Amino acid sequence: MTSDRIALVDVNNFYVSCERVFDPRLEGRPVVVLSNNDGCVVARSAEAKALGITTGAPWFQLQAQAKAWGLVARSSNYELYGDMSARVMEVVGRFGTWQEVYSIDESFVGLLGDAAQLEATGRDIRAAVMRHVGVPVCVGVAQTKTLAKFANRIAKQNPALAGVCALDSMPAGHVHAIQERVPVSGLWGVGGRTATRLKMLGIETIADLKAADPALIRKKFSVVLQRTVMELNGTECIPHTEERVDKQQIMFSRSFSTPVTTVDGMEQVMAVYAQRGAARLNEAGLRASTMTITAGTSRFAAGEGSFPATTIRFATPTQDPIVLVRAAVAAIGQSAVPGASYLRAGVMFNGLEPLSGPEMLDVFAAPAGQPGVGDVLGEVRTKFGGQAIGLGFGGLAEPPSWSMKRELSSPKYTTEWAELPVVRA
DNA sequence: TCTGGGGTCCTAGGACCC
DNA sequence: TCTGGGGTCCTAGGACCC
């Protein structure tokens, strides 16, 4: 019987797998990839997981044992991961009747076929991605997205399945037995808070939740969890959106490598961050009607922190870096507390609209058809690299002392001519 | 000394309108 | 000045995801 099914394809330990493609010595060793500023662990190889290293573990706490464990750490290299992601998505997309890219390492694709064909297609996808990109993927196939996620989890945890699990080709009793063992928190869309509240109602496993009354769940929780219950029972409730819906917000936020303690310093930070945000707006072809700036001291320090946040509304939506930088600097100047030890800051844009949309009268805007400042900056960056040009502090060749730290980074193997891998034969 | 960054969706409540 | 229902839009906050 031919059925319409959904496959969830994701890359195992994606960041680590990308590093391994270009450095095979990492194969078989415990490897972690760190967050910005080399702060904490964001990805782990199977060997690192086996050592008990958790996601979010601070690197400074692991460093002492790293040598004894033979543990290798890499800074995150988003240029590399982004490019590898695009390659994986392109290969996976060839197999589907539709494709929705869900995250940097996951996509849902539509498959048609009977149980045996679905499973065979899963194996073909795995082989193709390994051959063309070099990273291992797992495939879960089922009737709904929630179940496809669940099947993918089974594929990952059960080595005998060799990375592919199509629920249609498993005996129903077997599937049910697994659902009776796995706690609800292992389910897509059910986090810790909801799991705790469900437990009080005696709902602990996926099987419990599947058998729950959807109407009751909606009343006691939300329409979101009700959809989960229905999806567990085979009714599709979460639509697939092939083309990315328009973004609702754009952010740029970063922690510093060293604290910033002066208002002047925070103004420098904002000048740089507002520019980075403006560049993102320009790339997306959007302008914003509000900008929210945030900053924060340590969440872990004793005493009261300072977490200024200010929203600025623009009479005319804009993506002009000069306007945005001025507004951000003025706002932080008013809200930053002198002497506070700031560790992070961010810029967020909301109320987005396309650049090509109806123009309101603004005597300072570039005349129609002429490039604005953002376009010119973007063009220079495309030709000469991201660091080539900037306004004020954003244009310094030598980055300020608080800039992000990435000491253990691999080269941008696939996106910079100067950093291409060298092969000797 | 050191603890990520970037998002989405839903809901409740307030402002405002007819 | 008070009375009333019904509706939209916006924002803040919660929960979750990778």
Side-chain angles (χ1 to χ4, degrees), chain A residues 8-15 32-44 53-64 66 73 75-78 81-82 85 100-108 145-146 149 152-153 184-198 218-228 237-239 241 244-259 261 273 276-277 280-281 284 289-290 292 294 296-301 305 309 311 313 341 343-352 402 404-408:
Chain A
L8 176 77
V9 184
D10 76 346
V11 182
N12 304 346
N13 319 321
F14 180 54
Y15 298 167
V32 293
V33 173
L34 305 175
S35 64
N36 289 326
N37 290 315
D38 298 340
C40 61
V41 172
V42 292
R44 308 161 291 157
I53 296 170
T54 54
T55 301
W59 172 235
F60 74 91
Q61 286 175 1
L62 295 173
Q63 231 166 347
S75 303
S76 36
N77 181 348
Y78 289 107
Y81 309 151
S85 171
E100 177 185 340
V101 175
Y102 177 68
S103 76
I104 192 162
D105 75 326
E106 285 175 72
S107 72
F108 291 103
K145 284 184 172 178
T146 302
K149 277 272 200 181
N152 181 281
R153 182 199 153 101
V184 278
S185 55
L187 215 46
W188 186 45
V190 181
R193 307 271 177 139
T194 306
T196 308
R197 288 176 57 205
L198 280 168
R218 171 157 194 167
K219 210 172 105 208
K220 298 230 178 206
F221 293 85
S222 66
V223 64
V224 180
L225 195 61
Q226 182 193 29
R227 287 203 275 253
T228 302
C237 300
I238 304 173
T241 42
R244 212 77 212 115
V245 271
D246 293 335
K247 281 186 194 264
Q248 321 240 330
Q249 63 179 212
I250 285 181
M251 298 173 67
F252 181 82
S253 98
R254 285 279 183 283
S255 305
F256 313 143
S257 58
T258 54
T261 55
Y273 283 26
R276 299 290 295 271
R280 286 195 180 173
L281 274 179
S289 56
T290 72
T292 302
T294 58
T297 53
S298 172
R299 295 194 304 271
F300 300 94
T311 298
R313 243 160 273 276
S341 190
L343 280 178
R344 71 190 73 248
V347 179
M348 183 166 93
F349 300 105
N350 279 294
L352 305 179
W402 43 263
M404 197 166 82
K405 191 171 75 177
R406 291 207 299 196
E407 289 174 348
L408 308 167

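None of these values were measured; they are calculated from a predicted model. Just so we're on the same page: letters track the sequence lines, and every chain starts at 1. For the numbers below, each heavy atom of this structure counts, side chains included, while hydrogens, waters and symmetry mates do not.
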Grab the [atom1]-[atom2] distance between [X] and [N] for me, whole Å please.
X	N	atom1	atom2	answer
A:Asn350	B:dG7	CG	C1'	11 Å
A:Met251	C:dC17	CE	P	18 Å
A:Lys247	B:dG5	NZ	C1'	13 Å
A:Gln249	C:dC17	CD	C1'	14 Å
A:Tyr15	C:dC18	OH	C1'	8 Å
A:Phe108	B:dT8	CZ	C1'	14 Å
A:Gln226	B:dT11	CD	P	10 Å
A:Ile238	B:dC9	CD1	P	11 Å

Just checking [X]: base, sugar-phosphate only, or nothing, at a heavy-atom cut-off of under 4.0 Å?
X	answer
A:Glu106	sugar-phosphate
A:Ser76	nothing
A:Ser255	sugar-phosphate
A:Lys405	nothing
A:Phe252	sugar-phosphate
A:Arg197	nothing
A:Leu225	nothing
A:Trp59	nothing
A:Arg218	nothing
A:Asp38	nothing

- In whole angstrom, give me the gap between the C1' atoms of B:dC17 and C:dG4. 14 Å
Determine: side-chain N/O of [X] to OP1/OP2 of [N], distance under 4.0 Å, yes or no.
X	N	result
A:Arg193	C:dA15	yes
A:Arg227	B:dC9	no
A:Thr194	C:dC16	yes
A:Arg344	B:dG4	yes

Are the side chain of [X] and the backbone N or O of [Y] linked by a donor-acceptor pair below 3.5 Å?
X	Y	result
A:Arg44	A:Asn13	no
A:Ser76	A:Tyr78	no
A:Arg280	A:Met251	yes

- Query: Do A:Ser255 and A:Asn37 pass the side-chain hydrogen bond (donor to acceptor under 3.5 Å, both in side chains) test, and can you show the C-alpha distance, the side-chain angles, and the key distance before you say yes or no?
  - Reply: CA-CA 7 Å; A:Ser255 305; A:Asn37 290 315; 4.6 Å; no
Please pick, from [options], the nucleotide with the shortest atom-to-atom distance to any side-chain atom of [X].
X	options	answer
A:Phe60	C:dT11, C:dC18, B:dT3	B:dT3
A:Arg313	C:dT11, C:dC17, B:dT11	C:dT11
A:Tyr102	C:dC18, B:dT3, C:dT11	C:dC18
A:Cys40	B:dT3, C:dC17, B:dG5	B:dT3

Within a strict 4.5 Å, meaning less than it, do heavy atoms of the [X] and [Y] side chains meet?
X	Y	answer
A:Val33	A:Val41	no
A:Glu100	A:Glu106	no
A:Phe221	A:Arg197	yes

- A:Ser75 and A:Asn77 side chains, donor-acceptor separation under 3.5 Å: no
- When you check the side-chain N and O atoms of A:Thr292 and A:Thr311, is any donor under 3.5 Å from an acceptor? yes
- Message: Heavy-atom nearest nucleotide on DNA chain B for A:Ser253 versus A:Ser298: which residue maps closer to 5'?
- Response: A:Ser298
- Message: Let me spell it out: for each of A:Ile250 and A:Phe256, pick the nucleotide of DNA chain B with the closest heavy atom. Which residue's pick is nearer the 5' end?
- Response: A:Phe256
- Item | Under the 3.5 Å Watson-Crick or G-U criterion, the dot-bracket string of DNA chain B, with | for inter-strand pairs | ....||||||||||||||
